[in-house]
Amino acid sequence: MRSQLSPQQPIVPQPLNEETIAGYTLIPDIYSQPSLMLRVNSSRTVYQQGQTATCYLAWSIFAADIGFGIITIIWLERIVLSRLARLSREVGQIDIQEGLAARVLISGRDELAELGAAINEMLTALQEYERDQKKAALSLHQAKEAAEAASQSKSQFLANMSHELRTPLNAIIGYSEMLLEEAFETGQTNLASDLQRVHTSGRHLLGLINDILDLSRIEADRMTFNPETFDVTALIQDIVTTIQPLAQQNDNLLKICCPPDSCIMHSDVMKVRQCLLNLLSNACKFTQDGVVTLTLEYRNGQTLVSPCPSLSAVDFLIFKVSDTGIGMTPEQTEKLFKPFTQADASTTRKYGGTGLGLAITRKLCERMGGTIHVESAIDRGSTFTLCLPLIMLEPETAAETGTSMEELSSTEV
């Protein structure tokens, strides 16, 4: 302590404990030399009061913080949280109570009020959209009913007119045949060409009427199928006899590639015959001085993965009709199976036709549980692959096995 005393600091205070403080100083003698160190003890009253004041201040600040926090929570609960809970509750009950016609309650002018206004605007937009959707659905339903009524009226009209149209046509065809025979017998060959045109035109018109009626019955789901067991080889021989004159008209060679063994099929023989005749007649019509080939192949269903668990295996017959004719572009093949549609306008003008044969063939094929696939290239001919189950499937089963048929029709043998 003696070292801390100096003329610049004659008194040095030193706390002894929490309650007492000591002050030290040097007392000089008559020669002005330090001779005595004086210590004076004093109580620390001011320090104790400061400590007490600090403690009170700290507790006051803590109490003020608690009070402010409580007030803030109460304010948030009243101004924000309760309004958020009410908004959430109202939004959750919108569909239960009044649907999209309900609106949330808006109070205040803060962000929550803006959120409530935005929700109400959204509900208004959704309500208008739902109203528009209902109107559209109603219009669509009415249009569907009108279309079904129109289709039914069309089918009924065609069904009623079929007899009225076919009767005079059959009479024209019959009388033209009789007159044609009589013209040849009497030597009036100058009339034979005109009678032949009448006969050909009548046959063409009768075929057109039959195609339209067939398409109408298929679209109206009124086409009946009569499955029976028949010999496919005998059917092909009959088809060759029918199609051979058409092939000779364009100097085409008709080739038949069938297995040596006869094949038995259970399906609608008339529908299968119609499909093959449509494909072969098209091939002969669009081929000049070429080759038209009908190939029959058999495919065991065990080689396919059937998508229908109820079908352990389905056996197929694959009919391929190939020609070396004009061929088609990919764009033309895309619209090939649409009703009243042909490859292009020039084809229609040059070769004629209505564009119904392939559309009917595809629909008949699908109704019998099969598929049809075409591959073609310009000036290289076309190949139509007709895949039919060996045993005609029920309509629902045919729909289930459609994937396998598509896979089969696009698979090279």
Side-chain angles (χ1 to χ4, degrees), residues 157-217 223-224 226 228 230-256 258 268-294 321 323 325 340 342 347-358 360-361 364:
F157 170 77
L158 292 175
N160 294 334
M161 290 298 295
S162 62
H163 177 72
E164 301 298 330
L165 292 172
R166 288 177 176 178
T167 299
L169 275 177
N170 286 325
I172 292 172
I173 293 171
Y175 278 112
S176 64
E177 290 177 350
M178 293 172 56
L179 292 174
L180 188 60
E181 292 177 0
E182 184 177 352
F184 281 115
E185 291 176 358
T186 59
Q188 299 177 348
T189 55
N190 56 333
L191 299 177
S193 59
D194 294 332
L195 292 173
Q196 185 64 46
R197 292 190 186 96
V198 173
H199 181 268
T200 303
S201 299
R203 286 287 186 186
H204 176 73
L205 185 57
L206 182 61
L208 177 60
I209 292 173
N210 289 334
D211 287 344
I212 294 176
L213 291 174
D214 286 343
L215 183 63
S216 176
R217 282 195 293 265
M223 177 66 73
T224 57
N226 301 303
E228 59 181 289
F230 59 92
D231 188 349
V232 180
T233 305
L235 172 64
I236 291 178
Q237 291 175 354
D238 178 62
I239 292 174
V240 169
T241 303
T242 304
I243 209 70
Q244 187 69 47
L246 184 59
Q248 294 175 352
Q249 287 181 4
N250 288 342
D251 298 324
N252 293 319
L253 175 63
L254 183 61
K255 296 177 60 177
I256 307 297
C258 296
D268 191 319
V269 61
M270 297 304 298
K271 303 299 187 297
V272 176
R273 185 177 187 274
Q274 183 177 356
C275 292
L276 292 177
L277 282 176
N278 285 340
L279 296 178
L280 286 169
S281 61
N282 278 349
C284 293
K285 181 170 64 173
F286 294 105
T287 303
Q288 183 71 37
D289 296 324
V291 179
V292 176
T293 305
L294 172 61
V321 178
D323 62 69
F340 302 101
Q342 288 191 339
T347 302
T348 305
R349 288 192 300 268
K350 182 176 181 180
Y351 297 96
T354 59
L356 289 175
L358 290 178
I360 294 174
T361 300
L364 290 177

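Just so it is clear, the values below take in all heavy atoms, side chains as well, and ignore hydrogens, waters and symmetry mates.
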Nearest-0.5 Å distance, CG of residue D268 to CG of residue N226: 5.5 Å
Within the 4.5 Å heavy-atom criterion, are I236 and V240 side-chain neighbours or not? yes
Any pair with a residue in residues 247-256 that passes salt bridge (charged side-chain N to carboxylate O under 4.0 Å, His left out), sequence neighbours left out, goes on the list, sorted by first then second residue, please. none
Just jot down the side chain to side chain contact (heavy atoms under 4.5 Å, CB included) partners of E177, sequence neighbours excluded, or say none. I173, H199, R203
Shortest non-hydrogen contact from L254 to A247? CB-CB, 4.4 Å
Taking V198's backbone N and O only, do any of them form a donor-acceptor pair with S201's side chain (distance below 3.5 Å, no angle check)? no
Side-chain donor/acceptor of K271 to backbone N/O of T224, under 3.5 Å: yes
NZ-CG distance between K285 and L280, expressed to the nearest 0.5 angstrom: 13.0 Å
Kindly compute the distance separating CD (E185) from CG (L179), expressed to the nearest 0.5 Å. 11.0 Å
Rounded to the nearest 0.5 Å, how far does OG of S176 lie from CD of E181? 10.0 Å
List the steps, then state whether side-chain contact (heavy atoms from CB on, under 4.5 Å) holds for C284 with I243. CA-CA 8 Å; C284 293; I243 209 70; 4.2 Å; yes
Taking side-chain hydrogen bond (donor to acceptor under 3.5 Å, both in side chains) as the definition, give me every residue that meets it alongside T293, ordered by chain and number, with sequence neighbours left out. none
In T200, D194, L195, the residue satisfying side chain to side chain contact (heavy atoms under 4.5 Å, CB included) with R197 is D194
Sequence neighbours excluded, the answer for side chain to side chain contact (heavy atoms under 4.5 Å, CB included) partners of N170 is R166, L206
The salt bridge (Lys or Arg N to Asp or Glu O under 4.0 Å) partners of E182 (sequence neighbours excluded) come to none
I'd like to check the side chain to side chain contact (heavy atoms under 4.5 Å, CB included) partners of Q248; sequence neighbours left out, ordered by chain and number. Q244
So, the side chain of D323 versus the backbone of V292: is there a donor-acceptor pair under 3.5 Å, distance only? no
Non-neighbouring partners of N282 that pass side-chain hydrogen bond (donor to acceptor under 3.5 Å, both in side chains), sequence neighbours left out: none
Any side-chain heavy-atom pair from L358 and L279 closer than 4.5 angstrom? yes
Minimum heavy-atom separation for G202 and L169, please, with both atom names. O-CD2, 4.2 Å
Would you tell me whether T287 and N252 have side-chain atoms, one donor and one acceptor, within less than 3.5 Å of each other? no
Could you grab the distance from atom CG of L180 to atom OH of Y175, nearest 0.5 Å is fine? 16.0 Å
Please report the interatomic distance CE(M270) to CG(L277), rounded to the nearest 0.5 Å. 9.0 Å
Kindly give the heavy-atom pair with the smallest separation between L364 and C275, and that separation in Å. CB-SG, 3.9 Å
side-chain contact (heavy atoms from CB on, under 4.5 Å) evaluation trace for C258 with T233: CA-CA 8 Å; C258 296; T233 305; 5.7 Å; no
Apply side chain to side chain contact (heavy atoms under 4.5 Å, CB included) to V269 and list each qualifying residue two or more places apart in sequence or on a separate chain. E228, F230, L235
Test of understanding: with side-chain hydrogen bond (donor to acceptor under 3.5 Å, both in side chains), list the residues that count as partners of Q288, not counting sequence neighbours. none
Could you tell me which residues satisfy side-chain hydrogen bond (donor to acceptor under 3.5 Å, both in side chains) with T242, sequence neighbours excluded, listed by chain and number? R273
